[in-house]
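Lettering of chains follows the sequences in order, A, B, ..., and the numbering in each one begins at 1. These numbers come from a predicted model, not from an experiment. These numbers come from the heavy atoms of this one structure, side chains and all, not from hydrogens, waters or symmetry mates.
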Amino acid sequence: MRRVILSKAGPDGPRRDNNMRPSIIKWTLISLCVLFIVIMLILPLATVIVYALRQGWETFRDAVLDEYAVKALKLTLLSAVLAVSVNTFFGLFASWAITKFHFRGKQILTTLIDIPFSISPVIGGLVFILIFGRIGWAYPFLTAHGVKIVFAVPGIVLATIFVTFPFVSRELIPLMQSQGKEEEEAAALMGASGFHIYRKITLPHIKWGLLYGVILCSARAIGEFGAVSVVSGHLRGKTNTLPLHVEILFNEFNLTAACAVSSILVFLAVVILILRNIAEFRVKKETR
Amino acid sequence: MYVELKNISKRFGDFQASDDVSFGIEKGKLVGLLGPSGSGKTTILRMIAGLERPDSGDIFIDGVRVNDMEASSRGIGFVFQNYALFRYMTVFGNIAFGLEVQKHGKKYIKERVGELIRLTQLEGLEKRYPHQLSGGQKQRVAFARALAPNPHLLLLDEPFAAIDAKVRKELRSWLRETIAKVGITSIFVTHDQDEAVEVADEIIITNRGRVEQIGSPARIYKNPATPFAAQFIGESSVLENYASLRGFHYVAGFDKAVIRPEFIGIFKPGKELYPNASVEGRVEDILFRGNILEVRLDVGGSRMTAYRSLEDPELHVNERVSVLVYRLFLYNQEQVRLIENDVISEKDSVFI
Ligand SMILES: Nc1ncnc2c1ncn2[C@@H]1O[C@H](COP(=O)(O)OP(=O)(O)OP(=O)(O)O)[C@@H](O)[C@H]1O
Ligand SMILES: [Mg+2]
């Protein structure tokens with residue numbers, strides 16, 4: 001093989017990927033990687049689609065267009081949109097505060113933002129039960145005013161916000177740090193207001209990173225199961241998101257329908273993946 | 001005084017970046033802030049601009065105390081060390097930014113930017129982005145951007161630091177001429193004494209957060225006020241035992257001396273001007289400096305550097321020569337004193 005011969009050219013060879021027999025190591029690693037991905041990712045996803053279509057196109061369509069499935073999809077998208085909006089807003093001002101100002105406890109704040117990354121989503125659901133649920137301290141107040149949070153849509157949105165909280169700010173902080181303060185100082189010295197500086201100097205720098213963060217956040221929000229499961233109460237057509245709906249169908253041994261609904265999630269994931277790659281490409285290009 | 005700093009102090013944590021700094025700058029002057037790295041030059045500049053707050057002391061610009069004035073309302077142009085151009089704006093956009101903030105009309109902005117583009121010789125580059133420019137071009141864009149809103153005071157932080165040596169020389173004289181043309185009071189920071197001497201009307205020497213001396217380059221060169229100024233300006237070597245040189249005696253309170261190349265004459269043995277005033281030395285090294293030779297000497301264990309014209313009789317490494325020291329700066333912790341070679345001054349007085 002050409003590669004082997006080239007590597008024998010020694011240290012001056014035009015391609016020296018690794019010291020010993022590079023091509024063997026290289027191809028072994030690549031094969032292992034591909035094999036792993038096929039077994040762990042492609043195969044299961046393909047199985048979902050195959051199962052979904054096993055009883056024919058009609059059954060698939062019925063399952064997907066089922067009243068409850070559509071409602072679940074709507075709720076999923078609603079909570080994702082709300083969570084992403086809130087977290088984008090939070091991410092923008094948190095990253096601004098952290099990168100552009102000096103203050104005490106900055107390090108602690110940065111660490112706190114990361115909590116949802118390291119904590120189990122179940123806890124993310126549980127905390128809201130403990131605050132707003134029947135045993136929670138805010139419960140009497142809420143019932144007195146006729147507000148229902150737990151086992152209702154607000155709870156689902158809150159839980160989704162909790163788990164997807166760090167995505168946008170995590171993406172923006174390093175980007176804004178790399179920009180430094182000087183461009184903004186230069187603009188300030190010319191009399192520009194804080195908002196003007198943010199719009200003209202900061203935003204153009206972070207826009208692709210922001211989009212990337214938003215996309216990651218959406219993916220996570222749509223797929224969230226654990227936290228949402230705790231606060232949902234699993235009321236069909238009311239508090240069921242798509243992932244929860246899949247679980248219910250599965251527990252009813254309606255495997256075909258479960259897979260059909262899952263395939264909606266798979267489809268959404270693929271769309272997000274494509275968007276993600278575009279955004280990632282732009283971020284890399286800009287930070288070059 | 002157009003700009004005046006009075007007893008300015010600034011700490012970063014427990015580091016004293018500015019220590020009781022006071023100086024004044026006349027209107028229309030081009031002043032160089034010269035000092036070694038970390039001596040607090042940038043800190044002073046940033047405090048004048050309002051990007052940093054002094055812990056104590058007052059800053060006056062045009063008679064107005066500006067301590068509590070926002071950076072944005074001080075009307076100062078600032079050129080950053082690494083330019084800090086707006087990377088998502090074209091050259092035109094960068095220069096126009098300050099004018100847009102001032103809400104000028106489109107027509108005026110176009111005219112004014114065109115004016116600055118011509119002044120900074122950036123014609124044809126209006127549509128480029130900063131990453132498509134060379135270092136020297138970026139520097140000029142930064143300069144034009146700072147000048148566009150007609151500031152009353154221009155601050156430049158090491159404006160030539162990121163530019164290679166040859167372009168730097170050209171830009172120096174260009175900057176000096178352009179600032180003279182615009183007639184704006186300017187302060188520029190540098191740690192390169194050649195640059196300061198060449199460009200500035202007046203130099204402020206900083207060291208460890210303090211001002212060592214203020215004055216014209218020639219004045220500082222001839223009359224250094226502090227030991228630091230004596231050593232920092234000019235090519236200089238320090239002598240420990242200056243009393244062993246012929247024509248010099250130990251002066252009480254002064255243990256060390258600074259010697260400059262211009263203070264030294266080299267003669268072939270037997271050809272001395274003042275044999276009684278000369279000491280023997282050995283040529284250690286000879287370096288060609290373009291239009292002059294730099295000669296490293298060993299005189300009784302002390303190292304010194306002298307200049308020699310290419311017209312003078314040729315010297316060789318390790319050659320024995322006669323070294324004549326005309327004068328020295330003696331110094332101690334606080335003081336500097338210039339002393340002349342006794343033998344020469346006596347002789348001269350006899351002749352006169
Ligand atoms: N924001 C800051 N926080 C802490 N220390 C600082 C800060 N800014 C400056 N310093 C310290 O103050 C001292 C003076 O800094 P300054 O930037 O004024 O030096 P300089 O004379 O401009 O040096 P250079 O020629 O290297 O640019 C340095 O020792 C620096 O470490
Ligand atoms: Mg500096």
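Other residues, nucleotides and ligands place no more than 12 heavy atoms under 6.0 Å from the NZ atom of A:Lys200. The number of heavy-atom neighbours closer than 6.0 Å to CG of A:Leu32, taken from other residues, nucleotides and ligands shown, is above 12. Annotation for A:Phe195: atom CZ does not count as buried by contact number, only 12 or fewer foreign heavy atoms lying within 6.0 Å. Heavy-atom contacts from other residues, nucleotides or ligands closer than 6.0 Å to CZ of A:Phe117 number more than 12. By the 6.0 Å contact criterion, CZ on A:Phe89 is open, its count of non-hydrogen atoms from other residues, nucleotides or ligands being 12 or less. More than 12 heavy-atom neighbours from other residues, nucleotides or ligands sit within 6.0 angstrom of NZ on A:Lys106. Within 6.0 Å of CD on B:Glu70 lie no more than 12 heavy atoms contributed by other residues, nucleotides or ligands. Annotation: A:Phe103, atom CZ; neighbour count of heavy atoms from other residues, nucleotides and ligands within 6.0 Å is above 12.
The distance from atom CD1 of A:Ile201 to atom CE of B:Met89, rounded to the nearest 0.5 Å, is 3.5 Å. Between the CD1 atom of A:Ile197 and the CZ atom of B:Phe97 there is a distance of 6.5 Å, given to the nearest 0.5 Å. A distance of 14.0 Å separates CZ of B:Phe86 from NE2 of A:His205, quoted to the nearest 0.5 Å. Atom CG of residue B:Leu51 and atom CD of residue A:Glu184 lie 12.0 Å apart, to the nearest 0.5 angstrom. In this structure, the separation between CD on B:Glu52 and CD on A:Glu185 is 8.0 Å, given to the nearest 0.5 Å. Taken to the nearest 0.5 Å, the CE atom of A:Met190 stands 10.5 Å off from the CD atom of B:Glu100.
The shortest heavy-atom contact between B:Ala84 and A:Glu182 is CB-CB, 3.6 Å.
In this structure, the portion of B:Arg46 lying under 4.5 Å from any heavy atom of chain A is its side chain and not its backbone. Interface remark: A:Ala186 contributes backbone and side-chain atoms alike to the contact with chain B (heavy atom separation under 4.5 Å). With a 4.5 Å cut-off on non-hydrogen atoms, B:Leu99 does not touch chain A at all.
Looking at heavy atoms from C-beta onward, B:Phe80 lies in side-chain contact with A:Leu189 at the 4.5 angstrom threshold.
For the options B:Pro151, B:Ser73, B:Ser72, heavy-atom pairs under 4.5 Å to chain A are most numerous at B:Ser72. Note on B:Ile76, B:Val79, B:Asn82: by heavy-atom pairs under 4.5 Å with chain A, the leading option is B:Asn82.
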